[in-house]
Amino acid sequence: MLQKSVSTLPGIGPQTQKKLEKLKIRTINDLLSHFPRHYQDYSKLETISSLKEGIPTTIKVKVIGFSNQYKSRHLSIQRVVVGDQTGKLSVTWFNQPFLENTLKPDTLLYLSATPTSFRGQIQLSAPDYEIIQPEKETLHTKRIVPTYPQTSGLNSKWFRKTIHLTLHANLDIKDFLPSSLLKKYSLSAQTDALRNIHQPPSQEKLKDAQKRLGLNEIFFVQLSSYFKSQSWNKKTPHYQLTTNPKTKKNIKDFLSSLSFTITPSQKKSWQELKKDITSKTQVTNRLLQGDVGSGKTLVALLGCLFTALNQRFALVLVPTNILANQHYKTFKKLLKKLNIPVYLLTAQEKDFLKEKDPLPGIIISTQAAFHSPKLQKKEIAFLVIDEQHRFGVKQRSFLNQKDSLPHTLTMTATPIPRTMHLAFLNWLDISSLFPIPQNKRKTKSRLVPEEKRIPFYHWLDKNILEKKQQVLVICPLIDQQTKKQEDISVRSVKEEFENLKKVFPKKRIEIIHGKTKKEDQQMILEKMAQSQLDILVATSVIEVGIDLPNTTAIIIENAELFGLAQLHQLRGRVGRRGQSSFCFLFSKSRKQRLLDFLENEDGLKLSQKDLLLRGPGLVFDTAQHGFPEFKIAHPYDTGLINLARKIIKDLEKENKLQKIRNLLLKNTFNYDQLAPN
């Protein structure tokens, strides 16, 4: 019955069905799952003389008189005098002249509203009303009254009445949880919870209903998480990586050759990763989270080196050509003495593809890897995804379509909401690089008002440029042609380049963006790295991983157009050698998101805020932001999450988990989605 169309219910014709469609209500189940947005407690019955301003209440009264007053063609006021044993009261409605036919003298009413005061007199304006009928339950007054999300022509009164009639029909609502568990965890039955969420007899019953239906939402996600992780955990490594005395010596020699000592958290993360990739029974899916400058690349390099020493290929996926070239040079330099092959694969550089039979080693690649059949045929035993927020879900999982899954290490300073959520669901293990190296000093972040731009430029010249330090200026657009009409205030790279040449005529200024030729990009970045430029104006093409050692100030124009992860990555481009550094935001907006950014330098905390703002995405699909359909529970209610996990364990012990999964498969979830990434 629950899966039947709402059109089978009395009073719902084609026009009403179209209106319900706007709210995505198609079935009876959808209607009953259209939960109230909030509630008003009108359950307390008062007398006229005891009414108090600002306290929601209900009074039982008799109509004494009615008058229609027409102020204009578009405004009429209905004044009704009502009374009870304690006194009289004037009640007003607006533009409802038809009430004259309903609210006739001597009619007994319940009126529910929040009283207001005018010139010392208590008033009721546009209260909900119901004519008192013996033995008939009230829906809109004298109770806890729900308010629903609505659409044109279907208001909360319509939903209260329709859902009331539906709940009292002969519905076949089966509870997927056994009565023994309902009793064990003091949970409402499914039918009771549905009735009490829509028509709560008390605040206590309402809370019980919210707990049970919120648990359902969490339970469905946790159950799917359970089966997904069970499926993932059954995958065994196709390529076995092992450690031996020679491998140990090579790793030790490599670490000794470095000009710095690795931090305790780097060492810990490497040990966690090594334990993963030498497992004989499980394929790892680990997130390496570390703030900008904390040394994630070194941990990844150790995993790649270990894989190459096992005569297997490691693949490092990076989002841009610039970063690919930077990693390629770094890896080649650090691994030169060990004679480990390092290959580059981009749209322009294809030395890996030129090799007829490349020796096992490390492949640094951009998205070109997704289009290389030769690479995908190779024995990729270890996959590193650098700056994972720059890749789509399907891109990140492109090797998972093979029978032989690689061990996967995902790296970022600011995990995208989806990744945070997957970690929360226990699909990802997390290694963290904290604290950041001691020589990494805090970047001071400031929001600069537009009216202070000229004084700011004077400060920049005196405190940064005159000290032979460099400045990055980030704009969201390339040129005027990419602007929309309404984006007149949005700054572009080419405009800002011309503007800054006038402001700083003696300074060396260059521009770089996505349309800059690849060879020119490389040349400009090398000039910047070698301090041959003073100011570089760029788009977010330089967002990730680029190392510009003498850059101590970054200016981000129209900062409100960038996400928290982007802003944090951009801020990470400055002060990379421990110098005092600055991040300046120009924005007309003072959104909470920007204020959060100014107050936090911790990428993980910013990701958690981003998660709450944007949502985790459709975890069983490929969207990367937007909450799944949680109507009652908060997705991160740890109490309900722990309760859902306990229930899953209980059901597993009773061998009832598969049966419930089959039931939910039919009605609730499509489990046949991509494995988590």
Side-chain angles (χ1 to χ4, degrees), residues 10-20 22-23 36-43 45-49 51-134 136-165:
I12 299 183
Q15 291 304 313
T16 303
Q17 197 175 353
K18 283 182 182 178
K19 293 173 183 177
L20 288 169
K22 292 178 182 178
L23 295 169
R37 192 190 302 277
H38 55 81
Y39 299 84
Q40 189 64 271
D41 192 346
Y42 291 135
S43 59
L45 189 63
E46 297 282 1
T47 60
I48 289 175
S49 65
L51 290 177
K52 293 180 181 177
E53 182 182 4
I55 299 178
T57 191
T58 298
I59 54 175
K60 180 182 179 181
V61 295
K62 181 188 288 187
V63 176
I64 296 172
F66 185 101
S67 65
N68 259 318
Q69 300 175 16
Y70 291 91
K71 297 292 184 180
S72 69
R73 194 173 68 174
H74 301 294
L75 176 63
S76 67
I77 300 175
Q78 291 68 50
R79 296 192 187 279
V80 182
V81 178
V82 298
D84 65 9
Q85 70 274 19
T86 68
K88 294 180 182 180
L89 182 69
S90 179
V91 184
T92 56
W93 282 270
F94 299 92
N95 295 327
Q96 298 188 50
F98 57 85
L99 289 177
E100 187 173 9
N101 299 321
T102 305
L103 305 183
K104 295 179 178 180
D106 295 329
T107 303
L108 289 175
L109 299 175
Y110 285 123
L111 298 179
S112 292
T114 301
T116 58
S117 178
F118 181 70
R119 293 179 180 175
Q121 296 292 314
I122 288 290
Q123 294 183 328
L124 287 187
S125 179
D128 286 320
Y129 70 91
E130 282 181 280
I131 296 173
I132 296 174
Q133 300 179 41
K136 185 175 180 181
E137 185 180 5
T138 60
L139 293 178
H140 317 297
T141 61
K142 200 195 168 192
R143 64 176 307 134
I144 299 172
V145 178
T147 300
Y148 290 88
Q150 53 197 39
T151 187
S152 178
L154 299 178
N155 59 19
S156 285
K157 277 194 171 183
W158 185 91
F159 278 109
R160 288 175 210 142
K161 179 182 176 182
T162 305
I163 290 174
H164 171 76
L165 293 173

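A quick note: this is a predicted structure, and the numbers were derived from the prediction, not measured.
For the atom pair OG1 of T151 and CH2 of W158, the computed distance is 11.0 Å after rounding to the nearest 0.5 Å. Note that the OG1 atom of T141 and the CD1 atom of I132 stand 8.0 Å from one another [nearest 0.5 Å]. Atom OG1 of T138 sits about 14.5 Å away from atom OH of Y129, to the nearest 0.5 Å. Annotation: the span from L124 atom CG to I59 atom CD1 amounts to 5.0 Å, rounded to 0.5 Å. Note that CG of L109 and CG of L111 are 5.5 Å apart. Values are rounded to the nearest 0.5 Å. Q150 contributes atom CD, which lies 4.5 Å from atom OG of S156 (distance to the nearest 0.5 angstrom).
Side chains of E137 and H164 form a contact here, defined as non-hydrogen atoms less than 4.5 Å apart. Two residues are said to be in side-chain contact when any heavy atoms from C-beta on lie closer than 4.5 Å; N95 and L75 meet this criterion. Taking the side chain as every heavy atom from C-beta outward, V145 and R143 approach each other to under 4.5 Å. D41 places none of its side-chain heavy atoms less than 4.5 Å from the side chain of P56. Between V80 and L99, the closest side-chain pair of non-hydrogen atoms is not below 4.5 Å. Using a 4.5 Å heavy-atom threshold, the side chains of T92 and Q123 count as separate. Contact check for H140 versus S112: no side-chain heavy atoms found under the 4.5 Å cut-off.
Side-chain N or O atoms of D84 include one that pairs as donor or acceptor with a backbone N or O of I48 at under 3.5 Å. Remark: side-chain polar atoms of T147 are not paired, donor with acceptor, to backbone N or O of R37 under 3.5 angstrom. Not a single donor-acceptor pair under 3.5 Å links the side chain of T107 to the backbone N or O of L103. Distance alone, capped at 3.5 Å, is enough to place a donor-acceptor pair between the R160 side chain and the P146 backbone.
Contacts classified as salt bridge (charged side-chain N to carboxylate O under 4.0 Å, His left out) and involving residues 100-110 (residues at least two apart or in different chains) are not found.
The residues E46 and K52 are annotated as not salt-bridged, no charged nitrogen and carboxylate oxygen being separated by less than 4.0 angstrom.
Across all non-hydrogen atoms, the minimal contact from Q78 to P97 is NE2-N, 3.5 Å. F94 and S125 get closest at one heavy-atom pair: CE1-OG, 3.6 Å. For D128 against K157, the heavy-atom pair with the smallest separation is OD1-CE, 3.8 Å. The heavy-atom pair separating T58 from K142 by the smallest distance is OG1-N, 3.2 Å. Minimum heavy-atom separation, G11 to T16: O-OG1, 4.3 Å. I144 and S43 make their closest contact through N-CB, 4.4 Å (heavy atoms, listed as atom of the first residue, atom of the second, distance).
For the pair K161 and Y148, the NZ or CZ position fails the cation-pi test of under 6.0 Å to the six-membered ring centre and within 45 degrees of the ring normal.
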Step-by-step side chain to side chain contact (heavy atoms under 4.5 Å, CB included) determination, V61 to V91:
CA-CA 11 Å; V61 295; V91 184; over 6 Å; no

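Within a 6.0 Å sphere centred on NZ of K22, other residues, nucleotides and ligands contribute 12 heavy atoms or fewer.
Scored by the ring pair (Phe, Tyr, Trp, His ring centres under 6.0 Å) test, F66 finds no partners at all (sequence neighbours excluded).
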